[in-house]
2 protein chains.
Amino acid sequence: MIGRVKRTVTIDDVAREAKVSTSTVSYVLSGKRPISAPTRKRVEQAIAELGYRPHAGARALASSRTNTIALMVPLRVGVNVHVIMEFVGGVVARARDFSHDVLLLTQDDVSGLDRVTSGSIVDALVMMDVEADDPRVPVVAAADQPSVLIGLPADPEGLSCVDLDFEAAGRLAVRHLAAAGHQEIGLIGAPPEVMARHTSYADRLLRGFRTQAELAGVAIRVEPCEASPAGGRAAVDRLLAKAPGTTGLLVHNEGALPHVLARLAETGRQPDVVALCPADVAAAQTVPLAHIELPAEAIGRTAVDMVMARLEGEVPAETRLLAPALIQPRPAS
Amino acid sequence: MIGRVKRTVTIDDVAREAKVSTSTVSYVLSGKRPISAPTRKRVEQAIAELGYRPHAGARALASSRTNTIALMVPLRVGVNVHVIMEFVGGVVARARDFSHDVLLLTQDDVSGLDRVTSGSIVDALVMMDVEADDPRVPVVAAADQPSVLIGLPADPEGLSCVDLDFEAAGRLAVRHLAAAGHQEIGLIGAPPEVMARHTSYADRLLRGFRTQAELAGVAIRVEPCEASPAGGRAAVDRLLAKAPGTTGLLVHNEGALPHVLARLAETGRQPDVVALCPADVAAAQTVPLAHIELPAEAIGRTAVDMVMARLEGEVPAETRLLAPALIQPRPAS
DNA sequence: ATGAAAGCGCTAACAG
DNA sequence: CTGTTAGCGCTTTCAT
């Protein structure tokens, strides 16, 4: 013990301590070949005793696997802060299940894509908030490692995609409201910029909403909405001014939702409201609220599952659209 | 061109193409020794032509630097979603300025700390939302790489810390309200769980608030507050029930803020309100609002600056508490 | 079931 | 100012 200098423990130290070869240690770690029980036991003991940790870089160099996936997140603060957090949580948790870490990239960091698609930095990539005609898509499609997109670009170019089926959600909302007898319904949706960017989900929701409204023969009115208290109130006022007969409403704007509800209450109108949001956001409102669930965490987990599947075997790219579900509020007690 | 197989281009390929040695290529990349202009030019051209990207793992192995920092984030959805996002944005942006990437760790992932403090995975660690008596602090303090904490543990154990000076913020709020003539003031603060955990910032804010109130001779009432619409309303009601004479209020709860304001308006009382929150959150409210700014992004950037400084030279650990500033709303036009 | 040894791609002495 | 070369710590053939 005297004079022992603290040095990083390597696989060779472990091998020496366990009186086996380095390759044996490597194999008990990876499980890639059978090891006799006693040998395994000795190795494991040595590892524990020495507190051995494989060196990530060395591993990456030798195996060309980094055990890291990149996650590109829209870090600009916007409508969906809450949704984004849930989503990220899902990704990180699931990645850990596959012994992978998560490297955080921001949406606007274009050079991040280059760095990451160069190969040596991560094994795979998950990209949030894809727009209909997203310039990042071709870049990612040309990369070596598997990627999955959250959202649905116009042309996925052979990439995997996951998302809530927003189009079906739009239809579902209209069906629900029409069935309740409403003849004029409204949509209070994403902020104008998001609409203008043709962010995939906003477009798809709108399409479903329109299609079904036509089918059901109900009149609709669509209002973009800033994700602020004032924005929510203003959107309500605009909507009611232009379409005073509105009696049913779909709200897809987490940030504005409480204020939309508050403003509606003030006006004395009590239209039938359906929100499109995570369950806990719906539950947090002051009034019981029908909502179509936005399963952000589940989408995150699924994204990782898909990307891992592609990493393992030669599964083809696929698009998964999760079916929306409308949840009625629990009857007031 | 015929039969050319796509292989990763290495530093040797670049060296060959530029007719120099590998070390020269390495040195033009790192700038760690002088290179003649023509040589540098040839190398840079070769790099561009071949689309060369250094292999991160190889680099890490040879240099024992990963160019990655870990960021431990409270991913549970809570009061501060907005604040967290800003903070993370600051960290990622500043890290890029130092050519570093960010590895995302979640607060509850204890094994993540082990993995990361083992050394080979990241160069440094930034940890958010530190509690007064945080079990992670000793672990991190014992690690090899530099770390900085957001928050202020009871015993920093030689670690660097950054945060808003919440204690000063508490005092500032009281001074401001007392100067405006209020004799009874209230604090609507963090959710009960956060208070109970003794999350560093909540404790410090409270301490400053109490101290200054005593000094100024004003009566105070403190209410924890759930970060939901209902929670905000309930907190207002509780506060006014117990201390009906309250005419000044400090609100430190981003999620509940709009609903606190709404409820106050409903009750017809118009107490003087100061919010503790990021500037844009204050600006997003329906009414002009005095606020003490929570410079989340700046704190994030500072954290990275500090950790990088420690990575470079042998600077000692330090604690930086950013002075709070109270911003008056712009007079209504 | 286990070992020996050849790299993986890069950095940083050491030598001019 | 530039080149040679010995590792960094691990995985993975190829032997046995």
Side-chain angles (χ1 to χ4, degrees), chain A residues 5-44 46-47 50-68 99 115 118-123 144, chain B residues 5-44 46-47 50-68 99 115 118-123 144:
Chain A
V5 175
K6 186 185 178 185
R7 241 196 20 86
T8 318
V9 176
T10 75
I11 198 173
D12 291 301
D13 299 330
V14 175
R16 203 170 309 122
E17 173 85 15
K19 300 183 189 316
V20 297
S21 69
T22 53
S23 57
T24 297
V25 177
S26 177
Y27 283 119
V28 338
L29 250 20
S30 71
K32 287 189 182 173
R33 83 181 181 191
I35 303 282
S36 74
T39 308
R40 152 169 295 116
K41 169 155 257 156
R42 288 215 314 288
V43 171
E44 276 162 354
I47 289 178
L50 270 42
Y52 166 68
R53 296 283 187 175
H55 187 288
R59 216 168 222 192
L61 182 54
S63 67
S64 35
R65 286 290 229 113
T66 61
N67 274 15
T68 301
S99 314
R115 228 177 321 132
S118 79
S120 68
I121 252 264
V122 296
D123 296 336
D144 298 321
Chain B
V5 175
K6 186 185 178 185
R7 240 194 22 85
T8 319
V9 8
T10 76
I11 198 173
D12 290 302
D13 298 330
V14 175
R16 203 169 310 123
E17 173 84 15
K19 300 185 187 316
V20 296
S21 70
T22 52
S23 59
T24 297
V25 178
S26 177
Y27 283 118
V28 339
L29 250 21
S30 70
K32 288 189 181 174
R33 84 181 181 189
I35 303 281
S36 73
T39 308
R40 151 168 297 116
K41 169 155 257 155
R42 287 217 313 288
V43 171
E44 276 163 353
I47 289 178
L50 270 43
Y52 166 69
R53 296 283 186 175
H55 186 288
R59 213 168 225 191
L61 182 55
S63 67
S64 36
R65 285 291 228 110
T66 61
N67 274 16
T68 302
S99 315
R115 227 176 321 132
S118 78
S120 67
I121 253 263
V122 296
D123 296 336
D144 297 321

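All values derive from a computational prediction rather than experimental measurement. Residue numbers start from 1 in every chain, and the chains themselves are labelled A, B, ... in the order their sequence lines are given, proteins ahead of strands.
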Open item on the list: Should the side chain of B:Arg59 and the base of C:dT11 be counted as holding a donor-acceptor pair, with the cut-off at 3.5 Å?
Closed with: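 Under the 3.5 Å cut-off, the side chain and the base do not form any donor-acceptor pair.
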Task: Side-chain donor or acceptor of A:Thr22 paired with backbone N/O of A:Ala15 under 3.5 Å - done: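 Looks like no, no N/O pair under 3.5 Å.
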TODO: Say whether, by atom type as modelled, one donor and one acceptor occur between the side chain of A:Ser63 and the main chain of A:Arg59 under 3.5 angstrom.
DONE: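 Looks like yes, one N/O pair under 3.5 Å.
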With a 4.0 Å cut-off on heavy atoms, is [X] in touch with a base, just the backbone sugar-phosphate, or nothing at all?
| X | answer |
| --- | --- |
| A:Ser64 | nothing |
| B:Ser23 | base |
| A:Ser26 | base |
| B:Thr39 | sugar-phosphate |

Is there a side-chain polar atom (N or O) of [X] under 4.0 Å from OP1 or OP2 of [N]?
| X | N | value |
| --- | --- | --- |
| A:Thr22 | C:dA4 | no |
| A:Thr24 | C:dG3 | yes |
| B:Ser21 | D:dG3 | yes |
| B:Lys32 | C:dA12 | yes |

Rounding to a whole Å, what distance do you find between [X]:[atom1] and [N]:[atom2]?
| X | N | atom1 | atom2 | result |
| --- | --- | --- | --- | --- |
| A:Arg33 | D:dT12 | CZ | P | 11 Å |
| A:Arg40 | C:dT2 | CZ | P | 9 Å |
| A:Arg16 | C:dA4 | CZ | P | 13 Å |
| B:His55 | C:dT11 | NE2 | C1' | 15 Å |
| B:Ile47 | C:dG9 | CD1 | P | 16 Å |
| B:Ile35 | C:dA12 | CD1 | P | 14 Å |
| B:Arg65 | C:dG9 | CZ | P | 23 Å |
| A:Asp12 | C:dA6 | CG | P | 15 Å |

Open item on the list: Is any side-chain heavy atom of B:Val20 closer than 4.5 Å to one of B:Val25?
Closed with: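 Yes, close enough: below the 4.5 Å cut-off.
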Task: Side chain to side chain, A:Thr10 and A:Asp13, heavy atoms closer than 4.5 Å - done: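 Side chain of A:Thr10 against side chain of A:Asp13, heavy atoms only: contact under 4.5 Å found.
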Task: Pairwise distance CD1(B:Ile35) to NZ(B:Lys41) - rounded to 0.5 angstrom - done: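 Interatomic distance, B:Ile35 CD1 to B:Lys41 NZ, rounded to 0.5 Å: 15.0 Å.
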- [ ] Report the residue (B:Ala62 or B:Ala37) whose heavy-atom-nearest nucleotide on DNA chain D is the more 5′ of the two.
- [x]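 So the residue in question is B:Ala37.
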Task: Comparing A:Gly57 and A:Tyr27 on DNA chain D - which has the more 5′ nearest nucleotide - done: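 In this pair, the answer is A:Gly57.
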Open item on the list: On DNA chain C, does the nearest nucleotide to B:Leu61 precede the nearest nucleotide to B:Ser30 from the 5' side, or the other way round? Give the residue.
Closed with: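 Looking at DNA chain C, the more 5' nearest nucleotide goes with B:Leu61.
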